Amino acid sequence: MTNPSQPATVNQLGPPPPWIFRIANKVIRPLLASPFHKPLSSRLMLLTYTGRKSGRRFTIPIGYFDWDSGTVLALSNHLAWVINLRDEPTVVLRIRGRNHKAVPAVIEEPAEIVAVLKEFANRKGPKAAKGLMLGLPGDRQPTEQELRDAAARTRLVRFQLTS
């Protein structure tokens, strides 16, 4: 029984620890590169980029969503891979079993991220916006404050497909 004089607590889970992503990536990466990609490839793609300092090539699975013709967007609260895309190098995206060259544009300005999140919720609906796992509601359009809070927790990358 709850005490009405005490405020209700909200159980909000933070992002999973990085080691969970490392383990999951060992399974997901080869699956997305294989002919058996279909169960995952509608929401996940492989991003191949070159490290700006090390010169090493990295391939990681990231969530994405189609935006406009020839454009896909990705959101992340993990900055490691986003930092490597700031100079807009050409990258390779494996989307639904096909490789595409793309040029990324990193969007870090909160107002721009808010605008994209708002447009996302309008285009795809609140349930899809909740699926971004940024704390947005799934039963209604998000408020401006909810959009600002979500934008503060993420970075956005717009990939323009070139082939």
Side-chain angles (χ1 to χ4, degrees), residues 14-16 18 20-22 24-25 28-29 31-33 37-138 140-163:
I20 288 180
F21 288 105
R22 285 192 295 273
N25 287 351
I28 293 171
R29 188 177 22 232
L31 190 58
L32 286 171
H37 62 85
K38 285 189 181 188
L40 298 174
S41 64
S42 65
R43 300 195 80 202
L44 294 173
M45 67 179 174
L46 288 177
L47 164 65
T48 301
Y49 65 93
T50 302
R52 60 189 172 96
K53 288 185 180 179
S54 69
R56 289 179 42 212
R57 288 187 56 83
F58 297 92
T59 299
I60 60 168
I62 60 172
Y64 78 96
F65 50 94
D66 293 318
W67 196 240
D68 294 322
S69 179
T71 304
V72 295
L73 299 179
L75 298 160
S76 181
N77 59 359
H78 296 282
L79 291 180
W81 65 269
V82 174
I83 289 170
N84 286 288
L85 305 182
R86 285 183 176 153
D87 294 332
E88 299 183 3
T90 298
V91 299
V92 176
L93 304 177
R94 185 162 184 87
I95 303 172
R96 294 182 183 101
R98 296 188 59 219
N99 287 340
H100 304 271
K101 289 184 180 177
V103 176
V106 177
I107 300 168
E108 297 181 271
E109 174 59 40
E112 287 183 63
I113 298 171
V114 165
V116 171
L117 292 176
K118 185 174 189 173
E119 179 66 17
F120 182 90
N122 286 335
R123 283 188 193 188
K124 309 232 182 215
K127 188 174 178 180
K130 181 178 179 158
L132 296 174
M133 296 184 290
L134 296 173
L136 296 173
R140 60 179 168 74
Q141 291 296 331
T143 65
E144 286 296 320
Q145 185 60 50
E146 289 168 332
L147 291 167
R148 283 192 299 273
D149 291 345
R153 292 189 293 271
T154 192
R155 299 296 174 266
L156 173 69
V157 181
R158 180 181 291 121
F159 293 96
Q160 187 65 47
L161 305 181
T162 60
S163 68

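These numbers were taken from a predicted model, which means no experiment stands behind them.
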*Residue list, side-chain hydrogen bond (donor to acceptor under 3.5 Å, both in side chains) with Ser41, at least two apart or on another chain*: His37
*Can you name the residues that form a side-chain contact (heavy atoms from CB on, under 4.5 Å) with Leu44, not counting sequence neighbours?*
Ile28, Leu32, Leu40
*Inter-residue atom distance Asn84.CG - Phe58.CZ, 0.5 Å rounding*: 7.0 Å
*What pairs of residues pass the salt bridge (charged side-chain N to carboxylate O under 4.0 Å, His left out) test when at least one of them lies in residues 154-163, not counting sequence neighbours?*
Glu108-Arg155
_Going by salt bridge (Lys or Arg N to Asp or Glu O under 4.0 Å), name the residues that satisfy it together with Arg94, two or more places apart in sequence or in a different chain._
none
*For Arg140, which residues count as a salt bridge (Lys or Arg N to Asp or Glu O under 4.0 Å) partner, sequence neighbours excluded?*
Glu146
*Check whether any side-chain heavy atom of Val116 sits under 4.5 Å from a side-chain heavy atom of Leu75, and report yes or no.*
no
_According to side-chain contact (heavy atoms from CB on, under 4.5 Å), who are the partners of Gln160, at least two apart in sequence or on a separate chain?_
Thr71
*Of all the heavy-atom pairs spanning Arg98 and His100, show the shortest one and how long it is.*
O-CD2, 3.3 Å
*Which pairs pass ring pair (Phe, Tyr, Trp, His ring centres under 6.0 Å) with one or both residues in residues 143-163, sequence neighbours excluded?*
none
Only distances under 3.5 Å count here; give the side-chain donor-acceptor pairs of residues 121-135 to other protein atoms, sequence neighbours excluded, each with its distance to 0.1 Å.
{"residue": "Asn122", "atom": "ND2", "partner": "Lys118", "partner atom": "O", "Å": "3.4"}
{"residue": "Arg123", "atom": "NE", "partner": "Glu119", "partner atom": "OE2", "Å": "3.0"}
{"residue": "Arg123", "atom": "NH1", "partner": "Trp67", "partner atom": "O", "Å": "3.2"}
{"residue": "Arg123", "atom": "NH1", "partner": "Asp68", "partner atom": "OD1", "Å": "3.3"}
{"residue": "Arg123", "atom": "NH2", "partner": "Asp68", "partner atom": "OD1", "Å": "3.1"}
{"residue": "Lys124", "atom": "NZ", "partner": "Asp66", "partner atom": "O", "Å": "3.4"}

_Any Val157 side-chain heavy atom under 4.5 Å of Trp81 side chain_ = yes
_Run the side-chain contact (heavy atoms from CB on, under 4.5 Å) test against Lys101 and tell me which residues pass, sequence neighbours left out._
Thr90, Thr162, Ser163
*Closest approach of Arg153 and Asp149, non-hydrogen atoms and distance?*
NH1-O, 3.3 Å
_When you compare the side chain of Leu147 with that of Leu136, does any pair of heavy atoms fall below 4.5 Å?_
yes
*asked:* Going by side-chain contact (heavy atoms from CB on, under 4.5 Å), name the residues that satisfy it together with Arg43, two or more places apart in sequence or in a different chain.
replied: none
*asked:* Once ring-ring contact (aromatic ring centres under 6.0 Å, His included) is applied, do any residues pair with Phe120, and if so which ones, sequence neighbours excluded?
replied: Phe65
_Spacing of Ile62 atom CD1 and Met45 atom CE [to the nearest 0.5 Å]_ = 3.5 Å
Expected list for residues 46-54: side-chain donor-acceptor pairs under 3.5 angstrom, two or more places apart:
{"residue": "Thr48", "atom": "OG1", "partner": "Thr59", "partner atom": "OG1", "Å": "2.9"}
{"residue": "Ser54", "atom": "OG", "partner": "Arg56", "partner atom": "N", "Å": "3.1"}

*asked:* Can a donor-acceptor pair be found, under 3.5 Å and without considering hydrogens, that links the side chain of Arg86 to the backbone of Val82?
replied: no
